[in-house]
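Before any comments, here is the structure.
Numbering of ligands and ligand atoms starts at 1, following listing order. Predicted model only: the values in this text are computed from it and were never measured.
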Amino acid sequence: MPKMCPVCNGFTKVNKHCNECNSELIDYGRILDYLDDYSAYEEIEVEKESDTVEYDQRNHLCAHYLTCIECSYSVVYLIQEQ
Ligand SMILES: [Zn+2]
Ligand SMILES: [Zn+2]
């Protein structure tokens with residue numbers, strides 16, 4: 001069985017709160033999905049993320065992009081694939 005991300009597959013949801021204002025963070029999905037879309041890629045400015053994502057794939061981690069709708073805080077959250 002290949003490993004897969006439980007969040008991408010709908011088995012679980014990200015339940016993280018904003019470091020700044022403690023609002024619930026919205027999961028915008030895998031960073032890899034953003035890398036396919038040039039305009040979105042520019043918008044979130046993941047300058048060094050391509051290296052990170054390659055590293056994550058080797059380690060069976062799925063990088064999700066979380067953002068706070070209250071204060072625009074954003075963070076990359078790594079999910080262990082199972
Ligand atoms: Zn995922
Ligand atoms: Zn916030």
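- Heavy atoms only, all atoms of each residue included: Gln80 and His60 are closest at NE2-O, 3.3 Å.
- Using a 4.5 Å cut-off between side-chain heavy atoms of Ile, Leu, Val, Met, Phe, Trp and Tyr, with links allowed through other members, Ile79 and Ile31 fall into different hydrophobic clusters.
- Tracing side-chain contacts under 4.5 Å through hydrophobic residues (I, L, V, M, F, W, Y), one never reaches Tyr77 starting from Tyr65; they form parts of separate clusters.
- No chain of hydrophobic side-chain contacts below 4.5 Å, direct or via other Ile, Leu, Val, Met, Phe, Trp or Tyr residues, connects Leu61 to Leu25.
- In this structure, the side-chain contact (heavy atoms from CB on, under 4.5 Å) partners of Ile69, at least two apart in sequence or on a different chain, are Ile26.
- Under 2.8 Å from the Zn ion (ligand 2), one finds the following protein N/O/S atoms: Cys18 SG, Cys21 SG, Cys68 SG, Cys71 SG.
- Closest heavy-atom contact between Ala63 and Val76: CB-CG1, 4.0 Å.
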Sequence neighbours excluded and cut-off under 3.5 Å, please list the side-chain donor-acceptor pairs for residues 2-21, or say none.
residue : atom : partner : partner atom : Å
Asn9    : ND2  : Cys5    : O            : 2.8
Asn19   : ND2  : Tyr73   : OH           : 2.7

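- Around the Zn ion (ligand 1), the protein contributes the following N, O or S atoms under 2.8 Å, ordered by chain and number: Cys5 SG, Cys8 SG, Cys62 SG, His64 NE2.
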